[in-house]
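Inspection log for the structure reproduced underneath, given as structure tokens.
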Amino acid sequence: DTGVSQNPRHKITKRGQNVTFRCDPISEHNRLYWYRQTLGQGPEFLTYFQNEAQLEKSRLLSDRFSAERPKGSFSTLEIQRTEQGDSAMYLCASSSGTRPLHFGNGTRLTVT
Amino acid sequence: DAKTTQPTSMDCAEGRAANLPCNHSTISGNEYVYWYRQIHSQGPQYIIHGLKNNETNEMASLIITEDRKSSTLILPHATLRDTAVYYCIVPHSGGSNYKLTFGKGTLLTVNP
């Protein structure tokens with residue numbers, strides 16, 4: 001079990017730029033999730049994939065956000081035209097069936 | 001998700017048992033109680049979950065009251081590395097356990 005891997009760990013970008021984060025789940029896990037965590041708050045659900053299908057998206061996921069999982073393995077989360085309010089920790093998790101979620105250590109985004 | 005209530009913070013002496021309470025008075029009959037923790041700058045880590053019976057694993061014990069309206073997470077011999085925010089979560093039974101609502105959790109500080 002190599003765990004859920006997220007890259008990069010930190011990203012600083014200027015407002016208006018696009019950013020992309022990558023998540024590599026645990027290899028045998030067919031489910032993948034993205035969460036967002038702002039300072040002092042618990043993580044909030046963004047979206048969920050089962051294999052390559054994106055099955056649910058939160059209202060938090062505005063039109064500037066897009067997530068993909070093209071081959072049912074790794075996933076990317078892209079934010080277009082970043083805003084200062086997008087500054088947060090972006091967490092990826094994976095699971096198999098109804099087993100508990102395993103989280104990565106996140107990508108911390110700072111928009112200046 | 002069923003609403004959960006946890007104390008904002010707790011302290012514990014190193015080597016002593018840490019008992020973290022959680023109220024979930026609106027829990028439904030088939031909804032599980034999950035506990036995760038988050039150490040600073042890391043992603044959430046699954047600890048334990050249960051439905052009715054008390055559960056124990058290598059990390060902790062979970063005691064659920066008979067009416068299921070509250071539970072207690074027990075770390076039998078707390079160490080400094082157990083300092084973290086602990087989240088008690090009751091996912092909605094209508095779906096899978098992926099859409100976790102974390103809340104603010106309890107900050108447990110283990111003191112030397």
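We name chains A, B, ... by the order of the sequence lines, and we start the count at 1 in each one.
Looking at B:Q38, only its side chain comes within 4.5 Å of chain A, counting heavy atoms on both sides.
Using cut-offs of 30° and 60° for the angle between ring planes, the A:H102 and A:H29 rings count as tilted. Using cut-offs of 30° and 60° on the angle between ring planes, the pair B:F102 and B:Y87 is perpendicular.
Applying the 6.0 Å contact sphere to CG of B:L80 captures more than 12 heavy atoms from other residues, nucleotides or ligands.
Your options are A:Q37, A:R108, A:E44, A:M89, and the one with the most heavy-atom pairs under 4.5 Å with chain B is A:Q37. Contact count versus chain B (heavy atoms, under 4.5 Å) is highest, among A:G104, A:A93, A:P43, A:G42, for A:P43.
Counting heavy atoms from C-beta outward, B:L100 and A:Y33 have side chains that stay 4.5 Å or more apart.
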